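Both backbone and side-chain heavy atoms feed into the values below; hydrogens, waters and symmetry mates do not. Bear in mind the structure is a predicted one, so any value in this text is a computation, not a measurement.
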Protein chains: 2
Amino acid sequence: MFSKTCEYAILATIFIAQKSGQGVKVGIKEISKGINAPEHFIAKILQDLSRKGLVQSVKGPNGGFYLEEEEKRTTLADIVQAIDGDSLFTGCALGLKHCSEREPCPLHDEFKVIRQQIHSMLQSSTVTAFNRELIQGMKHLRR
Amino acid sequence: MFSKTCEYAILATIFIAQKSGQGVKVGIKEISKGINAPEHFIAKILQDLSRKGLVQSVKGPNGGFYLEEEEKRTTLADIVQAIDGDSLFTGCALGLKHCSEREPCPLHDEFKVIRQQIHSMLQSSTVTAFNRELIQGMKHLRR
DNA sequence: ATAATAAAAGATAAAAACGTCTTTTATTTC
DNA sequence: GAAATAAAAGACGTTTTTATCTTTTATTAT
């Protein structure tokens, strides 16, 4: 569904969002422990998200990652778009380049509906949307 | 969504199904041209599908691939299961190993519905289901 | 200023996915 | 039974993805 990189990106950003909701920055070590993912790998991913303006970072003591108010309204769809591109939202289920309304693959019509549902699921979830449930232990991020 | 191998497997099997509907066997060259996929690669995939009893093959002159009556009722879900396993049908959207009703990830509830829809879409499509539309040019397999 | 901290950047490596080429085996036709 | 055909099997190569390690740069606190 998503690449591993994208899964990590979503988990890490939700983790940062949770901390940012509490007004604190968080370092890579804590993030990687919090979501149980390889430290250097998610460092790379966060560099990327940072460049793309989805998270903020500051170097040095008391540095770390956090979200601006605006970034707290980032949706999971935005993250997927940034990391995996929009193939999940627009691509053919069978990987046909020319698949379209005019030249549909066998799954085209059925898949169109599902694709749309996936998109709206991801678009209706901001990265902060899960803060309460995560803090209360009703939802989890650890792999 | 699916691995490339799985996409090829689905396309190739639907192609064979179409020919088998016309009572003829079909060789790898014709299949690979028909779905515009690398010849040796789909040969491997078909070997695998053959071992798993999803397609039949015979060697030598006038040999090729075809489907038994029973195999014409193979569903796309069967193929996905055989090639990619059932992670698409049962796995967590965010790749969490322990994600479950008891310990759900943030997307668990919403994704459960979508996963189920994907499964039933694939289960309700047999490999022969598209024969008519393919022959009439209303659906396509070429990449 | 200096030392400590933490992210950024770069290099490298391991694993998996994807793809190609060659040889072998089975079958058919002549 | 020899030649031709076509899949099976095996070896090999490339690319992408995933992961790790090291060095550099920016920031803070002393």
- Message: If the test is side-chain hydrogen bond (donor to acceptor under 3.5 Å, both in side chains), which one of R132(B), K139(B), E133(B) qualifies with Q136(B)?
- Response: R132(B)
- Query: Okay, side chain of R115(A), backbone of L88(A): is any donor-acceptor separation there less than 3.5 Å?
  - Reply: no
- Task: Can you see which heavy atom on L46(B) is nearest to which on A12(B), and at what distance?
- Result: CD2-CB, 4.2 Å
- Message: Is the phosphate of dA7(C) approached by S50(A) (side-chain N or O, under 4.0 Å from OP1 or OP2)?
- Response: no
- Item | Any R51(A) side-chain N or O less than 4.0 Å from OP1/OP2 of dA8(C) | no
Is there any protein nitrogen or oxygen under 3.5 Å from a nitrogen or oxygen in nucleotides 13-16 of chain C, and what are the pairs?
none

- Whole-Å distance between dA8(C) P and Q56(A) CD? 11 Å
- No-H, no-angle donor-acceptor pair, Q47(A) side chain to dA9(C) base, under 3.5 Å: yes
- Phosphate contact (dA6(D) OP1 or OP2) by S57(B) side-chain N/O below 4.0 Å: no
- Message: Quick check on contacts: within residues 9-35 of chain B, what sits under 4.0 Å from DNA chain C by heavy-atom distance?
- Response: none
- Item | N-O pairing of E101(A) and K112(A) below 4.0 Å | yes
- Starting at the 5' end of nucleotides 22-30 of chain D, put B wherever the base has a protein heavy atom under 4.0 Å, S where only the sugar-phosphate does, and a dash everywhere else. B--BBBBS-
- Task: Please determine if E69(A) and K72(A) form a salt bridge, counting it only when a charged side-chain N lies under 4.0 Å from a carboxylate O.
- Result: yes
- Message: If you compare all heavy atoms of I28(B) against all heavy atoms of F65(B), which two are closest, and at what distance to 0.1 Å?
- Response: CG1-CE1, 3.3 Å
- Please state how far atom CD1 in I45(B) lies from atom P in dT20(C), giving the value in whole angstrom units. 11 Å
- Task: Grab the two heavy atoms, one from V127(A) and one from A17(A), that are nearest each other, plus how far apart they are.
- Result: O-CB, 3.5 Å
- Task: For R51(B), check salt bridge (Lys or Arg N to Asp or Glu O under 4.0 Å) against everything at least two apart and list the hits.
- Result: D48(B)
- Heavy-atom nearest pair, I79(A) first then L54(A), reads CA-CD1, 4.3 Å
- For R142(A) and L96(B), the nearest pair of non-hydrogen atoms, with its separation, is O-CD1, 3.8 Å
- Is the side chain of S50(A) donor-acceptor paired with the backbone N or O of S57(A) at a distance under 3.5 Å, no angle test? no
- Task: Mind calculating the distance between CD1 (I42(A)) and C1' (dA6(C)) to the nearest angstrom?
- Result: 13 Å
- Could you give the NZ-to-P distance, from K44(B) to dA17(C), as a whole number of Å? 17 Å
- To the nearest Å, how far apart are L46(A) CG and dA9(C) C1'? 15 Å
Dump every N/O contact between nucleotides 14-18 of chain D and the protein below 3.5 Å, one line per pair.
residue, atom, partner, partner atom, Å
dT18(D), OP1, K4(A), N, 3.0
dT18(D), OP2, T5(A), OG1, 3.2

- Starting at CG of D48(A) and ending at C1' of dG10(C), how long is that distance when rounded to a whole Å? 15 Å
- Item | Taking every non-hydrogen atom, the tightest pair across F111(B) and C92(B) | CE2-C, 4.5 Å
- Item | Residues clustered with Y66(A), ILVMFWY side-chain links under 4.5 angstrom | V58(A)
- Salt-bridge present (R143(A), E7(A); N to O < 4.0 Å): no
- Return the value, rounded to whole Å, for the distance between atom CD of E39(B) and atom C1' of dT5(D). 13 Å
